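Not measured: the values here are computed from a predicted model.
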Amino acid sequence: MTKTRLLFMGTPDFSATVLKGLLADERYEILAVVTQPDRAVGRKREIRMTPVKEVALAHGLPVYQPEKLSGSEEMEAIINLGADGIVTAAFGQFLPTKLLNSVDFAVNVHASLLPKYRGGAPIHYAIINGEKEAGVTIMEMVKEMDAGDMVAKASTLILDEDNVGTMFDKLAIVGRDLLIETLPDYLAGEIQPEPQDHSQATFSPNISPEQERIDWNKSAREIFNHVRGMYPWPVAHTLFDNNRFKVYEVVEVDGSGIPGQIIEKTKKTLVVAAGSGAISLKTVQPAGKPKMAIADFLNGVGRNLQVGDSFGE
């Protein structure tokens with residue numbers, strides 16, 4: 001059996017799951033992996049390998065990590081490997097036309113139901129916007145971001161218990177299985193890719209720091225979606241004593257009052273009014289403190305809070 005020789009490009013855990021699926025399939029040979037450079041993470045700013053790099057090294061694969069592919073020495077080396085095709089999944093960079101032209105095919109595993117949510121944060125926006133389902137689209141790579149013809153789609157429900165982390169895990173498996181199922185038929189010419197309706201395109205650019213801030217004037221449902229659409233990264237926040245106050249988990253509850261104002265406080269609960277309805281804080285992180293359950297916060301730095309005090313500006 002002649003194996004299809006692939007370059008794989010991806011960065012986070014989502015990509016690593018897809019890569020593992022390809023590595024387990026005897027129809028493919030992964031010639032090399034391209035991933036983002038290692039970055040400093042956490043409070044200690046320790047350099048950490050990307051999840052894709054970890055998988056690649058565990059399987060003895062060459063790894064390339066150009067800061068920018070276009071015009072790099074790495075790109076010339078990658079082209080010279082002579083791959084048949086490229087598979088990308090949450091890589092985080094545009095692929096230069098020269099690279100795309102050097103292979104017979106290039107497909108991307110994108111975590112949205114295109115043409116909705118093109119861009120780098122599709123799962124975040126799907127949850128923030130209250131979508132009932134999310135999905136994966138396998139599409140042909142073109143110069144324009146996430147605009148190529150669609151090879152296949154698959155969807156899954158977004159439940160109230162879900163957040164960005166759980167949906168990434170779910171959709172990584174959906175994407176892995178969809179790719180393994182459809183790539184052979186695509187390569188055999190048995191799947192005719194479908195053009196996107198560009199007039200229906202929506203976009204999901206990377207989350208900005210300003211977007212992390214909770215708007216207490218929004219409804220309780222919108223704030224609930226906002227918080228879980230930022231969890232476990234980059235994490236929603238509000239202001240407390242004019243300092244950033246991270247909010248990891250909340251639930252919707254009954255109640256009303258001035259948005260951002262505390263309307264109920266017990267030893268274990270803190271309820272804040274929204275534009276309509278109210279929010280009970282569950283897991284928080286005051287400035288300079290570790291992440292903690294709301295009961296621990298109320299027993300510590302939050303013990304002097306009173307009904308009528310407010311979060312936010």
Check your understanding: Any Lys/Arg nitrogen of Arg5 or Asp104 sitting under 4.0 Å from an Asp/Glu carboxylate oxygen of the other?
Key -> no
Exercise for review: Could you tell me whether the side chain of Arg228 reaches within less than 4.5 Å of the side chain of Ile158, counting heavy atoms only?
Suggested key: yes
Exercise for review: Treat each ILVMFWY residue as a node, draw an edge where side-chain heavy atoms are under 4.5 Å apart, and state whether Val55 and Met49 are in one component.
Suggested key: no
Exercise for review: Flag yes if Met230 and Phe14 sit in one hydrophobic cluster, no otherwise; membership is Ile, Leu, Val, Met, Phe, Trp, Tyr, and two members link when side-chain heavy atoms are under 4.5 Å apart.
Suggested key: no
Check your understanding: When rounded to the nearest 0.5 angstrom, what is the spacing between CG in Leu239 and CD1 in Ile214?
Key -> 10.0 Å
Study note, to complete from the structure: CE of Met75 to CG of Leu69, rounded to nearest 0.5 Å, is 7.0 Å
Check your understanding: Is Lys143 atom NZ crowded by more than 12 heavy atoms from other residues, nucleotides or ligands, each under 6.0 Å away?
Key -> yes
Check your understanding: So does Arg48 pair up with Glu54, basic N to acidic O under 4.0 Å?
Key -> no
Exercise for review: Evaluate the side-chain proximity of Leu99 to Ile79: yes if any heavy-atom separation is below 4.5 Å, no if none is.
Suggested key: yes
Review point. Taking atom CG of Leu57 as the centre, does the number of heavy atoms from other residues, nucleotides or ligands within less than 6.0 Å exceed 12?
Key: yes
Point to revise | Glu26 CD: over 12 foreign heavy atoms closer than 6.0 Å | key: no
Point to revise | Ile263 CD1 to Ser310 OG distance, which is reported to the nearest 0.5 Å | key: 11.0 Å
Review point. Heavy atoms, side chains only, cut-off 4.5 Å: are Asn163 and Pro232 in contact?
Key: yes
Review point. Are Val151 and Glu140 close enough that some pair of their side-chain heavy atoms sits under 4.5 Å apart?
Key: yes
Review point. Is any side-chain N of the basic residue among Asp162 and Lys170 closer than 4.0 Å to the acidic one's carboxylate O?
Key: yes
Exercise for review: Classify the angle between the aromatic ring planes of Phe105 and Tyr186 as parallel (below 30°), tilted (30 to 60°) or perpendicular (above 60°).
Suggested key: perpendicular
**Study point:** Short N-O contact, Glu252 and Lys282, less than 4.0 angstrom
**Key:** no
Practice item. For this output row, return yes or no: ring centroids of Phe245 and Phe297 closer than 6.0 angstrom. Key: yes
Practice item. Look at the aromatic rings of His124 and Phe168 and report parallel, tilted or perpendicular, splitting at 30° and 60°. Key: perpendicular
Review point. Is atom NZ of Lys153 surrounded by more than 12 heavy atoms (other residues, nucleotides or ligands) closer than 6.0 Å?
Key: yes
Review point. Heavy atoms, side chains only, cut-off 4.5 Å: are Val52 and Thr11 in contact?
Key: no
Point to revise | Leu23 side, atom CG; Lys20 side, atom NZ - distance, nearest 0.5 Å | key: 10.0 Å
Check your understanding: For the atom pair CD (Glu73) and CD1 (Ile78), what is the distance rounded to the nearest 0.5 Å?
Key -> 11.5 Å
Exercise for review: Flag yes if more than 12 heavy atoms outside Lys291 fall under 6.0 Å of its NZ atom; otherwise flag no.
Suggested key: yes
Review point. Any side-chain heavy atom of Tyr28 within less than 4.5 Å of one from Thr4?
Key: yes
Check your understanding: Is it the case that more than 12 heavy atoms not belonging to Asp254 sit under 6.0 Å from its CG atom?
Key -> no
Point to revise | 4.5 Å side-chain heavy-atom contact, Ile180 and Leu22 | key: yes
Review point. Is it true that Leu81 and Met9 fall in one hydrophobic cluster, defined by side-chain heavy atoms closer than 4.5 Å?
Key: yes
Review point. Is any side-chain heavy atom of Phe8 less than 4.5 Å from a side-chain heavy atom of Ser15?
Key: yes
Review point. Where do Asp160 and Arg221 land on the salt bridge (charged side-chain N to carboxylate O under 4.0 Å, His left out) test, with the steps shown first?
Key: CA-CA 10 Å; Asp160 274 5; Arg221 184 67 185 181; 2.7 Å; yes
Review point. Do Val227 and Leu270 sit in the same hydrophobic cluster, where Ile, Leu, Val, Met, Phe, Trp and Tyr count as joined when their side-chain heavy atoms come under 4.5 Å apart?
Key: yes
Practice item. Rounded to the nearest 0.5 Å, what's the gap from CD on Glu194 to CD on Gln192? Could you check? Key: 10.0 Å
Review point. If you group Ile, Leu, Val, Met, Phe, Trp and Tyr by side-chain heavy-atom gaps below 4.5 Å, do Ile123 and Ile128 land in one group?
Key: no
